[in-house]
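Atoms within a ligand are numbered from 1 in the order they appear, just like the ligands themselves.
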Amino acid sequence: MKFTKCSRLRGEVTVPGDKSISHRSVMFGSIAKGTTEVHNYLQGADCLSTISCFRKMGIEIENRGDAVLVHGRGLRGLTRPAAVLDCGNSGTTTRLISGILSAQDFDVTLTGDASIQKRPMKRIMEPLSLMGASIESVNGNGCAPLRISGRKLHGISYTSKVASAQVKSAILLAGLYADGETRVTEPYLSRNHSEIMLNYFGADVRTEIEDATGKASLAPCSHGNATGTYGSANIADLPGQPQPAGRATAVIQPATELHGNLVAVPGDISSAAFFLCAGLMTPNSEILIRNVGINPTRAGILNVIRDMGGDITLLNEHAGSGEPTADILVRSSSLHGTVIEGAVIPTLIDELPMIAAMACFADGTTVIRDAAELKVKESDRIAVMTENLTAMGADVTAADDGIIIRGGRPLHGAVVDSHLDHRIAMTFAVTGLCADGETQILGAECVNISYPRFCEDLKRLIR
Ligand code: S3P
């Protein structure tokens with residue numbers, strides 16, 4: 001994949017369905033009774049891995065492209081797969097499915113590609129073991145392959161060191177099968193799609209948020225409504241609101257059954273991020289991005305863009321038919337540096353590579369800290385971003401928990417390696433449009449993981 005400097009970007013784009021919500025719709029649909037009909041399911045490699053895993057456990061899933069029909073068999077309806085379950089490149093599949101498998105009455109081995117086999121799994125192995133699960137790393141290195149033998153589980157009260165929706169969700173899913181209440185506390189609220197969708201499917205999940213003094217209150221994480229879709233209407237007006245600064249605890253009660261339902265997946269804000277930043281960074285540009293999910297536990301990038309002086313407008317905001325969504329209009333802007341830290345980090349963790357690249361085009365310094373999680377994503381995103389931005393002439397320094405970017409230097413094209421990380425590949429496609437000369441991205445086919453039509457969509461906007 002090669003890109004050269006472009007003079008402007010103009011037009012409209014509709015990004016594919018949200019990856020996190022797509023995974024959950026098939027997982028929860030598989031263990032619910034009845035049919036779950038999913039619209040706008042992400043047809044990227046990661047979400048296809050989730051479909052394949054549940055098919056191997058006896059669930060009939062019709063993938064019609066525009067709609068996915070999951071014929072769920074209830075909490076106890078999965079059957080032992082004949083072979084190893086392959087989660088591909090997907091951390092979400094590996095970690096969330098482990099929570100479900102911990103409670104089944106069969107044994108199973110989970111594996112994935114070379115990247116998955118390096119990603120930390122102790123973070124789910126520890127809490128699931130405390131619940132009574134038998135889960136071991138086959139190579140003894142705390143990574144996949146994982147061998148899981150289902151057991152009777154009990155509820156726990158667990159405090160996670162990291163704000164991770166994958167850890168939280170694995171524990172909540174195991175909690176559906178436990179003999180009592182399960183509580184999981186994280187340092188800051190991470191994305192709450194599991195809580196919203198589990199409630200919509202009939203589970204009992206609530207969230208307690210602590211303020212800076214440690215006082216707890218209930219957070220709006222669920223809202224079933226009469227239209228047969230799901231969402232959280234009472235957080236529709238929250239995207240501009242700061243993320244709660246204290247710890248968050250999700251509490252789930254054991255369930256007797258979940259009930260399948262209609263799920264309308266909003267566009268993925270993590271994919272929209274590439275067009276948001278491209279529109280801000282490229283002169284004379286204006287892009288309308290349609291139907292983007294703006295759940296506040298995911299929409300931190302909108303706050304950061306505003307902090308940096310970026311021109312974005314939310315249009316057609318609605319919450320009635322699912323999670324809150326909006327169209328986002330973005331125009332080229334002169335940006336200035338900012339500090340990105342603390343509670344906002346989990347709400348934009350996947351967007352940080354693109355934000356770091358955009359900060360090279362801002363005046364002044366941008367500091368990203370409290371983001372050590374970047375080191376254990378599909379690649380070590382602190383190292384890879386630092387290496388690639390430096391190759392393009394940027395002034396950046398890697399830190400243990402983030403990156404410091406001194407903006408304002410013009411970038412030049414270079415050969416950059418995606419390290420088979422889809423978000424790195426897309427970040428450098430956009431950066432290449434704003435750099436002098438040619439930028440070549442090695443291993444760019446990995447965009448298939450979350451956004452198969454990315455290159456076509458981006459090239460269509462070049463004027
Ligand atoms: C995800 C949670 C995040 C995110 C990942 C998807 C999810 O990971 O980075 O792309 O769907 O729950 P962590 O839970 O590890 O932070």
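Ranked by closest heavy atom to atom 2 (C) of ligand 1, the top entry among E373, R123, R191 is R191.
Side chain to side chain, R123 and S164 fail the donor-acceptor criterion of an N or O pair below 3.5 Å. Residues N192 and T297 have side chains that bring a donor and an acceptor to within less than 3.5 angstrom of each other. A donor and an acceptor atom, one from each side chain of S190 and K168, are located under 3.5 Å apart. For the residue pair S134 / R147, no side-chain donor-acceptor distance below 3.5 Å is found, with atom types taken as modelled.
The shortest N or O to N or O distance between A165 and ligand 1 is under 3.5 Å. Of the polar atoms of S20, at least one N or O is found under 3.5 Å from an N or O of ligand 1, judged by distance alone.
Each of the atoms 1 (C), 6 (C), 7 (C), 11 (O) of ligand 1 lies under 4.0 Å from some heavy atom of T92. Atoms of ligand 1 lying under 4.0 Å from at least one heavy atom of D350, given by number and element, are 4 (C), 5 (C), 9 (O), 10 (O).
Nearest protein neighbour of atom 14 (O) of ligand 1, counting heavy atoms only, is S164 OG, 2.7 Å. For atom 1 (C) of ligand 1, the closest non-hydrogen atom on the protein side is Q166 NE2, 3.5 Å.
Residues that satisfy the side-chain contact (heavy atoms from CB on, under 4.5 Å) test with R76, not counting sequence neighbours, are Y177. Not a single salt bridge (charged side-chain N to carboxylate O under 4.0 Å, His left out) links E60 to another residue, sequence neighbours left out.
In this structure, K377 has a heavy atom closer than 4.0 Å to ligand 1. The shortest heavy-atom distance from R24 to ligand 1 is under 4.0 Å.
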